[in-house]
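Per chain, numbering begins at 1; letters A, B, ... match sequence-line order.
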Amino acid sequence: MLEIKNLHASIEGKEILKGISLKINAGEVHAIMGPNGSGKSTLAQVLAGRKEYVVTSGEVLFEGKNLLDLSPEDRAREGIFLAFQYPVEIPGVSNTNLLKTAINEIRKYRGEEQLDAMEFLTILKKKMKLVEMDQSLLSRAVNEGFSGGEKKRNEILQMAVLEPKLSILDETDSGLDIDALRVVANGVTKLRSKDTASIVVTHYQRLLNYIIPDFVHVLYNGRIVKSGTKELAFELEEKGYDWLKDQKELVEG
Amino acid sequence: MSQIPDIKKWYISNFETFENSLNGGSLKPIHQVRKEAIADFSKLNFPTTHDEDWRFTNITPLLKHDFISGERIKLKHKEIKNFLFKKISDNLLVFVNGHYAPEFSKSKNLPEEIKPGSLADEIEKGSEIVDKYLGKYANCKTQIFTALSTAFTQDGAFIYVPDNLIVDVPINILFITATGGKKILSQPRNLFVVGKNSQISIVERYVTLDDGIYFTNVVSEIVAGENSIVNHIKIQEEGLNAFHVSRTEIDQEKNSNFTSYSISLGGEISRNDVNSKFNDEGGECTLNGLYLLTGSQLYDTHSLVDHAKPHCTSHENYKGILDDNSRGVFNGKVIVRKDAQKTNAFQENKNIILSDNALVDTKPQLEIFADDVKCSHGATVGQLDEDSLFYLKSRGIGEDKARSILIHAFASDVIKSIKIEPVKNYLEEILERRFNKEIS
């Protein structure tokens, strides 16, 4: 589904991603872990098409298409979804309006019929149950005055409504209490299918108790320094990241 | 150097012609007011950018033209029908080139005590209301455009609401300019007097049939009597070659509640002054504004809320969206006088700049002489928030639509608070048309 080949990216002239290669097949969940500043969020933002990050070399193919040629909106329409680490507050735009516009823009791109208000509300209500979200949040402005947990839940609601092929969760777990974490993880797990894939970017192993990854990759200093299965996450939890740094230096040395 | 005195001479010589045209009209008491005003006019000078109140607004282009008073002409219904708001045009006053057009004006379901009509008719009738209020609030000793208006006082909208009368349908006033290739000066002079415990909503709209060069110089005086509720919406959609100078003076009596919306869309150069004065305690004044500017438009808005008495509240919220090479000026002054304790005064001006060349000068001014007051002001000028744009795009929403959504959101608190549905919907449509390129 997604193939990243030797991806280099920088912001304001500073190189953050220094050659990342990764292949993700439909049905798989990949966790990307790593210490602060290792480039995890940058990778998520680059995949979503944030223009502040400049791709200096490498290639990303999404279902055979050159992803880097697509605008952020076309990436979303092709089926990529980024759950933001820090969801933006947009006063004056209601949550419902955002979702309805988004789903219809995506449907238009795909040559599908527009949803009318009733059809949309039916879908929305079903998806809201999935993330146990309070109805009152719908009429409120996007994320305005939401608690941290509500914002993250709202990201998962958007994901559930837009039904992406590839979802990228950027530290969706950070700052969540255990109940909110369970709700978010539960939502993600229910949306899992053999046709979709996820990249779960996280700092902590905790989330991976709920979303069981097929693969775990450790990002350090802009490169993937180790890949493994879910056991690697436990190992990281136990030992921290320092032993990998040492290992990296050995490899380089 | 000689240009400005020449244009003054031009208007003064036009006054003589105007006077002669009045016939018996020059015997009315109002004519004395006109003559004093032309005397004031001849003493005053047109402002330059050296005048503090006109610092950012160079009106030289306006002074280059020899404008003449517009003639009374007959339009066809099909020429005006697109300017009528659906559902609220039952009570309508139409003015063409500054003259009342009774053929289009109508009223329906209004209490019989109120008869919206033309100022000219009231002057002709010898109305006491006109003698009592006209020119009392819009002083022309210091403002040359008001002096010009007062000197040529002839027609405009007149609404008198007696005490204890709730008018629950809005009165819609349409000012149309049809230049027919002439450089027309229209000077509507509006007088709205609302009695004790009464309520009314008035919608003024300024439009044109062609893209000619013309000048609208409008002065409105509004008296909000004790415990009255007055809603005033002014939508300025003049042609892009037009000049529009407007002054609205509001007298607020005890416990009166006045709300205004100044919506500015048209005009090459436009200036909008809204001044409200609390003449007694317990009043509330809300001034809202929205200006959408493109091309090389220049819009200058000045407001003054005079808290002369205690226990009054004012809110001001003006928003600007500027594109291309347009220029906006906001000057909002709030005076809290020494006796005006327990005043609440809040003011905000926010602007979004959509291009590299648009510019806004914003100046909030608070002058507080009382010590037990709550006052705040704020002004911002910025671009559409990049993070919000990216967020919307990452949800599959295209660039144009995302921008349109954010512009809507920015203007929404002003528009959403408009209680007259057809006007609100119309403004939503304008935003949609201007900023959602996929639709147009």
Side-chain angles (χ1 to χ4, degrees), chain A residues 44-53 70-95 97-110 112 141-144 151 154-155 157-159 161-168 170, chain B residues 288-290 292 317-321 348-352 354 378 380 382-418 424-425 427-440:
Chain A
Q45 299 270 335
V46 167
L47 292 177
R50 182 125 205 164
K51 67 174 180 223
E52 285 84 349
Y53 294 96
L70 299 178
S71 64
E73 55 269 37
D74 281 350
R75 295 181 196 198
R77 293 159 178 173
E78 288 287 342
I80 288 183
F81 181 90
L82 169 65
F84 282 62
Q85 183 181 4
Y86 303 112
V88 184
E89 296 191 11
I90 314 181
V93 178
S94 83
N95 237 347
N97 190 14
L98 165 69
L99 277 170
K100 186 161 182 265
T101 309
I103 197 167
N104 277 332
E105 286 264 295
I106 291 172
R107 291 179 73 91
K108 191 164 77 187
Y109 180 82
R110 295 177 185 166
E112 296 164 3
V142 177
N143 294 323
E144 194 183 30
K151 283 182 184 171
N154 201 21
E155 295 293 288
L157 173 68
Q158 292 178 6
M159 179 176 129
V161 171
L162 301 180
E163 296 182 331
K165 292 176 195 150
L166 174 69
S167 49
I168 304 161
D170 189 5
Chain B
N288 297 303
L290 179 66
L292 310 181
N317 181 18
Y318 269 65
K319 291 199 161 173
I321 301 169
E348 197 170 63
N349 172 233
K350 287 187 172 175
N351 297 281
I352 282 191
L354 300 174
T380 60
Q383 284 151 351
L384 285 181
D385 181 49
E386 283 294 330
D387 289 338
S388 302
L389 263 181
F390 179 66
Y391 190 80
L392 293 177
K393 287 198 264 185
S394 77
R395 297 310 182 237
I397 300 172
E399 170 90 25
D400 286 346
K401 195 144 205 162
R403 290 175 74 86
S404 161
I405 286 174
L406 292 179
I407 290 168
H408 259 99
F410 174 76
S412 72
D413 60 338
V414 171
I415 292 179
K416 283 211 169 80
S417 64
I418 293 178
K424 179 162 77 180
N425 295 341
L427 294 173
E428 295 271 11
E429 260 171 49
I430 285 183
L431 280 178
E432 189 76 21
R433 244 188 285 146
R434 281 226 182 154
F435 299 108
N436 198 345
K437 294 180 180 103
E438 282 173 34
I439 285 172
S440 59

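- Chain B forms more heavy-atom pairs under 4.5 Å with one residue of A:Ile90, A:Asp74, A:Ile103 than with any other, namely A:Ile90.
- Between B:Arg395 and A:Leu82, the shortest heavy-atom distance links the atoms NH1-O, 2.7 Å.
- There is no contact between A:Glu78 and chain B, counting heavy-atom distances below 4.5 Å.
- A salt bridge links A:Arg50 with B:Asp387: the distance from a Lys NZ or Arg NE/NH1/NH2 to an Asp or Glu carboxylate oxygen falls below 4.0 Å.
- A 6.0 Å sphere centred on OH of A:Tyr86 holds no more than 12 heavy atoms belonging to other residues, nucleotides or ligands.
- No side-chain heavy atom of A:Glu52 sits under 4.5 Å from any side-chain heavy atom of B:Phe390.
- Taken from OH in B:Tyr391 to CG in A:Asn143, the straight-line distance is 4.5 Å, to the nearest 0.5 Å.
- Only the side chain of B:Ser412 comes within contact range of chain A, with at least one heavy atom under 4.5 Å from a heavy atom of that chain.
- In this structure, A:Ser71 OG and B:Lys393 NZ are separated by 7.5 Å, a value rounded to the nearest 0.5 Å.
- Separating the OG atom in B:Ser394 from the CG atom in A:Leu47 is a distance of 12.5 Å, to the nearest 0.5 Å.
- Of the two parts of A:Leu98, the backbone and the side chain both hold a non-hydrogen atom closer than 4.5 Å to a non-hydrogen atom of chain B.
- Residue contact with chain B, scored on non-hydrogen atoms closer than 4.5 Å, involves the backbone and the side chain of A:Pro87 alike.
- Counting only distance, with no hydrogens or angles, the side chain of A:Arg77 and the backbone of B:Gly396 share a donor-acceptor pair below 3.5 Å.
- A 4.5 Å side-chain heavy-atom check between B:Ile397 and A:Glu73 finds every atom pair outside the cut-off.
- The salt bridge (Lys or Arg N to Asp or Glu O under 4.0 Å) pairs that include a residue from residues 404-414 of chain B are B:Lys319-B:Asp413, where partners are two or more places apart or lie in different chains.
- Residues forming a salt bridge (Lys or Arg N to Asp or Glu O under 4.0 Å) with A:Lys100 (at least two apart in sequence, or on another chain): none.
- Looking only at side-chain heavy atoms (C-beta outward), A:Val142 and B:Leu392 stay at 4.5 Å or farther from each other.
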